[in-house]
A.B. asks: 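Right, I'll just put the structure down here and ask away after.
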2 protein chains.
Amino acid sequence: MAVNTEGETASMTEISPVPPALQAAWGMREKPTKGPKPTLSVDRIVAAAIAVARAEGYPAVSMNRVAGELKTSAMSLYRYVASKDELAVLMMEAAAGEPPAPRTAGETWRAAVERWAHAMFTMFGDEPWFLQVPIAAPPATPRQLAWMETGLAALDGLPLPESEKLSLLLLVNGYIRYEALLRGQMTEAARAHGRTVDAVIAEFGGLMRHLVQADRFPLLRRAIDAGAMDTPGDPAGGFTFGLSRILDGIEAFVRSHPAP
Amino acid sequence: MAVNTEGETASMTEISPVPPALQAAWGMREKPTKGPKPTLSVDRIVAAAIAVARAEGYPAVSMNRVAGELKTSAMSLYRYVASKDELAVLMMEAAAGEPPAPRTAGETWRAAVERWAHAMFTMFGDEPWFLQVPIAAPPATPRQLAWMETGLAALDGLPLPESEKLSLLLLVNGYIRYEALLRGQMTEAARAHGRTVDAVIAEFGGLMRHLVQADRFPLLRRAIDAGAMDTPGDPAGGFTFGLSRILDGIEAFVRSHPAP
DNA sequence: GCAGTAACGCGTATGGCATACGCAGTAAGT
DNA sequence: ACTTACTGCGTATGCCATACGCGTTACTGC
């Protein structure tokens, strides 16, 4: 749960343009020495909030709810956390796992990116509330950057400009998030209605079969009749398929570049 | 603003498993004949809500706000719209433009998909509030399906299973949404702080330069120093780059398939 | 050891939100 | 003319994030 590794605060506590929530995530908050002993701690609050999110989804996380979980009042939390948005950032930072091991010597870039992507996809699967958090800005937290760094390591040595590597990584990242989002919506719907995920998927398939009339959407109808909506329980099958296409695309791009 | 083309209601008003919001979007609501004349209409409400969203973003759209815009009370709206979620679906359905023209005879599938993708990206750029709407389920509205149908048309004739074409389209779709989302966040931040988009991008670049220390994130640092954060005003440049990678990937996949 | 002060817990209050409920009035069908 | 279905909409409920202020506590400089 402890996110910061200490030590980077020293050179950074200048007059910085770092937004408050990010300051908290980077451990840039000076701890007070005076005053009464705090009975709570940021970590305990964040842990409680994560527990609620895991059990009931992010919408269930309210200051009142989290406070209740800690047997205190909502306003007490504000002594530790500046706002709910800040809490959300800290939650994500704490719940995001470490990135996977960086690329090893004998590993191809493609295998490394694949590993990286699957690790991220699994993380989103483990913490489905992640993608329910409304984000207003690209959060530059330590863990986020660590994931990006590991991703860059997977592409290290390729004869590409560094900025393009970052673009490629963002491309993969976007795909992962979107795919995980769709999957999370299904999971959420299943929980909300007390059905299984398979049942929800089947239901959606039925809905599509019902709405997609051949005269108005002939090609869609054909795809559905060909079984596009019957994915019997393959959990990550669609994900791997799409990922392979993207990696193919990157491979083609790399090949088209002259080695320096 | 009028979404439905009439005529499909007949065979569909059976005991259907169609969710309420979708029923509204598909025009499956029977209009009452008795009672006083309505002073409002769904279309007027949706139009007012869209106007608010366009001017101040989706979070500004509240039942009270929309009602105020129409000089009536919040509860009046519920005579026309079952819930705010339903209103959101109707807003998106009304504001989503028609999909681009389907693939013409001489056009390659790649050019057609590119056209389709750019049209969708432009649409998200024109209606940035779209991506601020929290969606809980994949909405199967007429316009959504129409876009998908046009997308399938772009891939028509390729020697692939129909279900795989749909997967590929979803892949492109996800990329477009994610890229538009990032762009929309920047635009939103710019409006919120009264700065220009370029200023916000520059600010974010400065933040990254500040946070990304070479000892902890050497590769990221290298990418930043190589200019990854200085994209001086190229609005859709990054989008086109990523899209080309995905299309490369699809092309490789198509080539690897035996023609039947 | 004592004053000053900063941080503590937290009650209360504000303003916003979606929406359930019910009532009084209106218009069409009988 | 009378029933019935629908209208607009006031009022109320129960959430939400959070601003403010008060009494209390414990560290710091004298």
Side-chain angles (χ1 to χ4, degrees), chain A residues 19-21 23-24 28-46 48-49 52-53 56-91 129 132-136 192, chain B residues 19-21 24 29-46 48-49 52-53 56-91 129 132-136 192:
Chain A
Q23 287 182 21
M28 291 176 179
R29 290 261 208 275
E30 304 127 54
K31 287 196 185 166
T33 60
K34 304 175 78 162
K37 293 275 178 253
T39 52
L40 287 173
S41 72
V42 175
D43 282 356
R44 289 226 301 142
I45 293 171
V46 169
V52 172
E56 300 169 43
Y58 182 76
V61 176
S62 75
M63 299 308 265
N64 256 312
R65 183 77 162 71
V66 174
E69 218 72 26
L70 294 166
K71 302 198 188 313
T72 181
S73 74
M75 287 317 293
S76 300
L77 306 186
Y78 283 95
R79 289 281 176 203
Y80 302 87
V81 161
S83 68
K84 195 191 173 180
D85 285 345
E86 183 175 305
L87 175 58
V89 169
L90 294 176
M91 287 172 68
W129 54 271
Q132 301 179 340
V133 179
I135 31 173
Chain B
R29 290 258 210 276
E30 304 129 53
K31 286 193 184 166
T33 59
K34 304 176 78 164
K37 294 274 176 258
T39 53
L40 286 173
S41 73
V42 176
D43 282 356
R44 289 225 303 143
I45 293 172
V46 169
V52 172
E56 300 168 45
Y58 183 75
V61 176
S62 76
M63 298 308 268
N64 256 312
R65 184 77 163 71
V66 174
E69 218 71 25
L70 294 166
K71 303 199 187 311
T72 181
S73 76
M75 287 316 293
S76 300
L77 306 185
Y78 283 95
R79 289 281 176 205
Y80 302 86
V81 160
S83 68
K84 193 190 174 181
D85 286 346
E86 183 176 305
L87 175 58
V89 170
L90 295 176
M91 287 171 68
W129 54 272
Q132 299 178 342
V133 179
I135 29 173

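Each chain gets a letter, A, B and so on, in the order its sequence line appears, and its residues count up from 1.
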A.B. asks: Without decimals, in angstroms, what is the distance between A:Leu87 CG and D:dC16 P?
C.D. replies: 14 Å

A.B. asks: Considering Watson-Crick and G-U wobble pairs with both distances under 3.5 Å, what does D:dC30 pair with?
C.D. replies: C:dG1

A.B. asks: Could you tell me how far apart B:Leu77 (CG) and D:dC6 (P) are, to the nearest whole angstrom?
C.D. replies: 19 Å

A.B. asks: Closest approach to the side chain of B:Lys84, judged atom by atom: which nucleotide of D:dT18, C:dT19, D:dT7 is it?
C.D. replies: C:dT19

A.B. asks: Calculate, to the nearest 0.5 Å, the distance between atoms CD1 and CG belonging to A:Ile45 and A:Leu90 respectively.
C.D. replies: 9.5 Å

A.B. asks: Which heavy-atom pair separates B:Ala60 from B:Val52 by the least distance, and what is that distance?
C.D. replies: O-CG1, 3.8 Å

A.B. asks: Going through the checks in order, is the side-chain contact (heavy atoms from CB on, under 4.5 Å) test met by A:Leu40 and A:Leu77?
C.D. replies: CA-CA 8 Å; A:Leu40 287 173; A:Leu77 306 186; 4.1 Å; yes

A.B. asks: Would you kindly give the CE-to-P distance between B:Met63 and C:dA20, to the nearest whole Å?
C.D. replies: 11 Å

A.B. asks: Could you list all N or O pairs between the protein and nucleotides 22-29 of chain C that sit under 3.5 Å apart?
C.D. replies:
unit_1	atom_1	unit_2	atom_2	d
C:dA28	OP1	B:Lys37	NZ	3.0

A.B. asks: Could you check whether any side-chain heavy atom of B:Val61 comes within less than 4.5 Å of a side-chain heavy atom of B:Val133, counting everything from C-beta outward?
C.D. replies: no

A.B. asks: Can you measure from CZ (B:Arg44) to CD (B:Glu69) and round to the nearest 0.5 angstrom?
C.D. replies: 11.5 Å

A.B. asks: Using whole Å, what does the distance between atom C1' of nucleotide D:dT18 and atom CD of A:Glu86 come to?
C.D. replies: 14 Å

A.B. asks: Provide, to the nearest angstrom, the distance between the CD atom belonging to B:Glu56 and the P atom belonging to C:dG16.
C.D. replies: 14 Å

A.B. asks: Expressed as a whole number of angstroms, how long is the span from B:Met75:CE to C:dA18:C1'?
C.D. replies: 9 Å

A.B. asks: Say whether, by atom type as modelled, one donor and one acceptor occur between the side chain of B:Gln132 and the main chain of B:Tyr58 under 3.5 angstrom.
C.D. replies: yes

A.B. asks: Once you round to the nearest 0.5 Å, how far does CE of B:Met63 lie from OG of B:Ser73?
C.D. replies: 10.5 Å

A.B. asks: Please report the distance, rounded to the nearest Å, between NZ in A:Lys31 and P in C:dC8.
C.D. replies: 11 Å

A.B. asks: Reading DNA chain C from 5' onward, which residue's closest nucleotide shows up sooner: A:Tyr80 or B:Asn64?
C.D. replies: A:Tyr80

A.B. asks: Hey, which sits more toward the 5' end of DNA chain D by its nearest nucleotide, B:Ser76 or B:Pro32?
C.D. replies: B:Pro32

A.B. asks: Would you indicate what B:Ser62 reaches in the nucleic acid, counting non-hydrogen atoms under 4.0 angstrom: base, sugar-phosphate, or nothing?
C.D. replies: sugar-phosphate

A.B. asks: Hey, what do you get for CD (A:Glu86) to OH (A:Tyr80), rounding to the nearest 0.5 Å?
C.D. replies: 14.0 Å

A.B. asks: Looking at DNA chain D, which of residues 66-73 of chain B put a heavy atom within less than 4.0 Å of it?
C.D. replies: B:Thr72, B:Ser73

A.B. asks: Just the rounded figure in Å: distance from P of C:dA7 to CD of A:Glu30.
C.D. replies: 10 Å

A.B. asks: For the CG atom of A:Asp85 and the CD1 atom of A:Ile135, what is their distance to the nearest 0.5 Å?
C.D. replies: 11.5 Å

